[in-house]
Student: 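What follows is a structure written as structure tokens; I'll ask about it next.
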Amino acid sequence: MILLAPPLAGKSTQAGPVAGRLGVPHVSTGELLRAHTERDTGIGRAAAAHMARGELVPDDLVLALVADRLSEDEVAHGVVLDGVPRDLAQAEALDAHPRSRPDLVLLLDVPDAEVRRRASGRRRCPNGHVYHLTDRPPAVAGRCDVDREPLAHRDDDRPEAVERRLSEYRNRTGPVVDHYRRRGILRLIDARGTPDEVTARVLAALS
Ligand code: AMP
């Protein structure tokens with residue numbers, strides 16, 4: 001299945017419980033790409049500038065990463081995809097393979113004003129643990145509770161990049177939403193409120 005959403009709607013937060021309920025792995029293209037940029041690989045260097053500006057990374061690069069991950073035995077019985085597809089070309093590429101053609105697409109819906117509020121307060125440690133300055137502050141300011149690493153504001157959570165990401169979502173991911181709606185596999189989830197409230201709605205939609 002696929003989790004589709006505007007930026008900051010909580011895709012990665014909700015993917016964990018969804019994957020747990022379905023008993024399949026969770027694959028996030030944002031996290032795959034960030035792991036490459038943090039290790040400064042060739043893929044990471046090709047993606048970094050696009051990501052920092054809030055633009056989509058080129059399709060061929062993302063699709064190669066996804067194909068590589070989906071070739072692993074661990075995902076033979078299903079996967080929760082988070083962050084992909086972001087445009088129609090990616091949706092068509094996923095449809096072309098049995099391991100990635102979705103049976104169900106959950107769309108997490110939040111208003112733009114809430115996206116901006118979440119972005120301004122979100123902080124992340126280098127290992128991917130996520131906090132929010134007011135909604136979910138760490139026990140010690142600026143430090144991850146899990147591994148004590150310093151927390152940072154993602155470049156693409158800064159205001160100009162957030163505006164770009166919202167417009168990429170509207171213009172390029174909008175047609176993907178219509179594509180799945182026409183196929184009758186799209187379920188809309190109200191993603192306002194606390195993560196636990198949203199998880200309850202998401203799990204209800206799965207049952
Ligand atoms: P996310 O963590 O899903 O918000 O993704 C962060 C950034 O990674 C996005 O703003 C894009 O620059 C890039 N990205 C992640 N997934 C994709 C994708 N499927 N296609 C293109 N770019 C992506």
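Just follow the structure's listing: the first ligand is 1, and inside any ligand the first atom is 1.
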Student: Counting each atom of ligand 1 from 1 as listed, which ones have a heavy atom of V84 under 4.0 Å away?
Tutor: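 Once the distances to V84 are compared, the set is 19 (N).
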Student: Cluster partners of V80, using ILVMFWY side-chain heavy atoms under 4.5 angstrom, listed by chain and number?
Tutor: M1, L3, V18, L22, V24, L104, L106, L108, I189, V198, V202, L203, L206
Student: Tell me, please: is R154 in heavy-atom contact with ligand 1, that is, under 4.0 Å?
Tutor: yes
Student: Run down the list R86, R53, H50 and name the one with the heavy atom closest to atom 5 (O) of ligand 1.
Tutor: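 Answer by nearest heavy atom: R86.
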Student: Does E163 pair with R116 as a salt bridge, N-O distance under 4.0 Å?
Tutor: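 Yes.
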Student: Under 4.0 Å from a heavy atom of G83: which atoms of ligand 1 are those, numbered in the order shown and with their elements?
Tutor: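 Near G83, meaning under 4.0 Å from one of its heavy atoms, ligand 1 has 16 (N), 17 (C), 18 (C), 19 (N).
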Student: So that I can tick it off, tell me whether E38 and R124 are bridged by a salt bridge, with the cut-off set at under 4.0 angstrom between side-chain N and carboxylate O.
Tutor: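 Result for this pair is yes, salt bridge flagged.
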Student: List the closest protein heavy-atom neighbour of atom 8 (O) of ligand 1: residue, atom name, distance to the nearest 0.1 Å.
Tutor: M51 CE, 3.5 Å
Student: Using the rule salt bridge (Lys or Arg N to Asp or Glu O under 4.0 Å), only one of R172, R164, R165 pairs with E55; which is it?
Tutor: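 It is R164; the other options fail the test.
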Student: In terms of side-chain heavy atoms, does D147 have a donor or acceptor partner in H129 at a distance below 3.5 Å?
Tutor: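 Yes, side-chain donor-acceptor contact under 3.5 Å.
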Student: At a non-hydrogen distance cut-off of under 4.0 Å, which region of D156 contacts ligand 1 (side chain, backbone, both, or neither)?
Tutor: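 Side chain only.
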Student: Do the charged groups of D95 and R183 touch, with an N to O distance under 4.0 Å?
Tutor: yes
Student: Under 4.0 Å from any heavy atom of K11, which atoms of ligand 1 are there?
Tutor: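 Answer for ligand 1: 3 (O).
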Student: Does R34 come within less than 4.0 angstrom of ligand 1, counting non-hydrogen atoms of the residue?
Tutor: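 In this structure, R34 qualifies as a contact of ligand 1 - some heavy atom is under 4.0 Å.
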Student: Does Y131 have R123 sitting over its ring (NZ/CZ under 6.0 Å from centre, angle to axis within 45°)?
Tutor: no
Student: With only distance considered, is Q90 within less than 3.5 Å of ligand 1 through an N or O on each side?
Tutor: yes
Student: Would you call R86 and E168 a salt bridge, taking side-chain N to carboxylate O under 4.0 Å as the test?
Tutor: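 No salt bridge links R86 with E168.
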Student: I'd like the name of whichever of L33, T37, V57, L94 reaches closest to atom 21 (C) of ligand 1 through any heavy atom.
Tutor: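 Closest candidate by heavy-atom distance is V57.
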Student: In the protein, what heavy atom is nearest to atom 16 (N) of ligand 1, and what distance, to one decimal place, separates them?
Tutor: T29 OG1, 2.8 Å
Student: Identify, by atom number and element, the atoms of ligand 1 in contact range of E55, meaning under 4.0 Å from any of its heavy atoms.
Tutor: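 Going through ligand 1 atom by atom, the ones under 4.0 Å from E55 are 11 (C), 12 (O).
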Student: Going by distance only, is there an N or O of L56 that falls short of 3.5 Å from an N or O of ligand 1?
Tutor: no
Student: Between R170 and D112, does any NZ, NE, NH1 or NH2 come within less than 4.0 Å of an OD or OE carboxylate oxygen?
Tutor: yes
Student: Closer than 4.0 Å to some heavy atom of R165 - which atoms of ligand 1 meet that?
Tutor: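 Those of ligand 1 that fall under 4.0 Å from R165 are 4 (O), 10 (O).
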